[in-house]
Protein chains: 2
Amino acid sequence: MPAPTRAPADPLHDAKPRRRVGRPAAAVLDQDGITAAALQLIGKSGYDGFTMAALARTLNVAPSALYNHVSSKRDVLVLVQDHLTSFVDVSAFGSGPWDQAVRSWAWSYRDVFSKHTPLIPVIAVLPVTDAPKTLAMYEAVSAGFSHAGFPQERIISAIVALESFIFGSAYDVTAPADIFDSGSMAHSTPNFTAAVKQQDLEGYEKPADVAFNLGLEAMIARFGALRG
Amino acid sequence: MPAPTRAPADPLHDAKPRRRVGRPAAAVLDQDGITAAALQLIGKSGYDGFTMAALARTLNVAPSALYNHVSSKRDVLVLVQDHLTSFVDVSAFGSGPWDQAVRSWAWSYRDVFSKHTPLIPVIAVLPVTDAPKTLAMYEAVSAGFSHAGFPQERIISAIVALESFIFGSAYDVTAPADIFDSGSMAHSTPNFTAAVKQQDLEGYEKPADVAFNLGLEAMIARFGALRG
DNA sequence: CCCACTAAATGAATGTCATTCATTTAGGAT
DNA sequence: ATCCTAAATGAATGACATTCATTTAGTGGG
C-alpha cells in the first residue's frame, strides 16, 4: 500500500507558522486539548492515521512537545477512552425500571465503542483509578443495580458479564457483511451454510443488532430474576 | 597460535550457520512451519516479542524470506488463529446434551483465546473463507444447534452472541486483579466500592470465571428455551 | 532584585519495525 | 541448452514512538 495522500505542501497556506524555540508565554498544550484533538483526528483519519506526529501536527506543535503532558501514545488512548465513556447513557438508572435502564446503557455503550474498537484492549485491562469518568459510569450502574434490589455480591459479576458481551459485540458491528460466506467450502459445511442462508432470508435488520439483542435480552431476563 | 581462518563455530552462540545466497536445494519454509514457529515464539516471548525478524530468526532464515510464503504479519496471525481454533473443544456437540455441549465449547474457546487476546481483533473481522479450521468449528457448532432443534434462522445469531461474549470474556481473564480498586476516589463512589468489597469477600473463585459463568448460564438457559 | 529551578517548547537523533527490491541460485518445463 | 519461476539472501526504505540536548519563560526563596 502506498503512503496515504497528504495535503499538498503549499508554502503560502502553510498551516504551521513556526513557533520559536523555548517555552512560550502561554502554554499551548494540556491534557484536555490533547484529548479533544486526538478524538477529532481519530474521527477524521481513523486509528491508522492516528500517530503522535499527526496529532502534533493538528495541534501545531512538535511531536516531542506532547511528551511534556502524556507519557506515551497509550496514555493518549486512555484519555480518549475515558472521555468517550462520558457519552455512554446511564441516565435511565436514575429514573426508569431496571431492565430498561440496562437496555439503554448497554446499547449506547456498544454503539460508542463499536466506532472505537482499538480502544477495547486498552479498556479491558485499565485500572479504574486511571479513568475517572469510567469510574463514574460504574458508580451509576452499580447504584442502579443496588437500588433495584440486586444482591450486592453479584453486582460486579453481572456488570462484568454484560460489559464483556458489550465489548465483544462492538467488534461484531465492524465485521464485513459477508464474513460468513463460506464460498467454495460450502459443500463441506452444510449445516453452517444452511443456517447462514436462513438468517439472510430473515431480515432487513442488521445481523449484529439481532445478535446483540438476543444476548442482551437473555442476560437481562436471567439477571432480573436474581433481584431480591 | 596460528590465526584461524574463520571464527570458531560455536553452535550455542552461532545458531545461524549462514545459508548461502540463492534458492536452496530443498525449500526451508512453508506455511505450516511458519505457523508452528510463530505459535512457539508467541508462547515464549508473547505478542510483544513476536516480530517478523524474531520469527525469521527462529526459522534460521532472513526476514524477507518469510514474504515468499505469507504476504504480511497479519497473514501470520491469521494462520496462528486458525490453528488455535482447532484446539477448541467441539466434541460434545456430537454426543452429550445441547447445554453441556455449549458449556464445554464456550469454556474451552474462552480459555484458548484468553492467552491470545491480540488475535481477537483479527478474528472478529476475518471472513471464514480465510480460516478453514474456524469454518469447521462453526459447522460443528451449527450442526449441534440444528440437531438440538434450534430454529434455523436463529442459529447464527445465537452463535454470534455467544462468541461475542466469549471474546469479551477472554479479555477479562487478562485483567489485573486490582482493576476495580477505586483508590482515593472511593468516597465518591460508594455503591461501586461497596459492591467490589462484597465481591471480594465472596470468593476464592476467580472473578473472571464467576462472571463468565453467570453470563454463559444466562444465555444457555434462555437460548435453550428457543428449541422446538 | 536576582538567581536558581522548573515547566514547556523545538529540533535533531535513535532504534525498532514491517516491508520491498535487486540479486542469486535451483530445478523443472519447452 | 535455455527459459521461467520459486525461494533464498542482503541491503535499502520509510513509518513510527520515544528520548535528549537546548532554549526560553515564568516563579519562589534569599
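Computed over heavy atoms, backbone and side chain alike; hydrogens, waters and symmetry mates excluded.
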Return no unless some side-chain N or O of [X] is found under 4.0 Å from OP1 or OP2 of [N].
{"X": "R20(A)", "N": "dA8(C)", "answer": "no"}
{"X": "H69(B)", "N": "dA8(D)", "answer": "yes"}
{"X": "R19(B)", "N": "dT9(D)", "answer": "yes"}

Nearest to the [X] side chain among [options], which nucleotide is it?
{"X": "K73(B)", "options": "dT19(C), dT9(D), dA17(D)", "result": "dT19(C)"}
{"X": "A65(B)", "options": "dA9(C), dT9(D), dA17(D)", "result": "dT9(D)"}
{"X": "L29(B)", "options": "dA18(C), dA8(D), dT10(C)", "result": "dA8(D)"}

Looking at every strand, decide which applies to [X] at a 4.0 Å heavy-atom threshold: base, sugar-phosphate, or nothing.
{"X": "A27(B)", "value": "sugar-phosphate"}
{"X": "S64(B)", "value": "base"}
{"X": "A25(B)", "value": "sugar-phosphate"}

Quick one: [X] [atom1] to [N] [atom2], roughly how many Å, whole number?
{"X": "M52(B)", "N": "dG14(D)", "atom1": "CE", "atom2": "C1'", "value": "17 Å"}
{"X": "Y67(B)", "N": "dC17(C)", "atom1": "OH", "atom2": "P", "value": "13 Å"}
{"X": "R74(A)", "N": "dT18(D)", "atom1": "CZ", "atom2": "P", "value": "11 Å"}
{"X": "R57(A)", "N": "dC16(D)", "atom1": "CZ", "atom2": "C1'", "value": "12 Å"}
{"X": "L59(B)", "N": "dA8(D)", "atom1": "CG", "atom2": "P", "value": "10 Å"}
{"X": "F50(A)", "N": "dA17(D)", "atom1": "CZ", "atom2": "C1'", "value": "12 Å"}
{"X": "Q31(B)", "N": "dA6(D)", "atom1": "CD", "atom2": "C1'", "value": "15 Å"}
{"X": "L66(B)", "N": "dC17(C)", "atom1": "CG", "atom2": "P", "value": "15 Å"}

Side-chain donor or acceptor of N68(A) under 3.5 Å from a matching atom on the base of dA7(C)? no
What about R23(B): does its side chain form a donor-acceptor pair under 3.5 Å with the base of dA7(D)? no
DNA chain D: G22(A) or A26(A), which has the more 5' nearest nucleotide? G22(A)
Closest-nucleotide 5' rank along DNA chain C - winner of V21(B) and D48(B): D48(B)
Which residue, T134(B), D130(B), T35(B), forms the side chain to side chain donor-acceptor pair (under 3.5 Å) with Q81(B)? T134(B)
Is the ring pair Y138(B)/F192(A) parallel, tilted or perpendicular, if the boundaries are 30 and 60 degrees? parallel
Should the ring pair Y171(A) and Y171(B) be called parallel, tilted or perpendicular, given that the plane angle runs from 0 to 90° and is split at 30 and 60? parallel
Around atom NZ of K44(B), are there more than 12 heavy atoms of other residues, nucleotides or ligands at under 6.0 Å? no
Do you know which of V28(B), L41(B), I34(B) makes side chain to side chain contact (heavy atoms under 4.5 Å, CB included) with L59(B)? I34(B)
Using a strict 4.0 Å threshold on nitrogen-to-oxygen distance, state whether K206(B) and D172(B) make a salt bridge. no
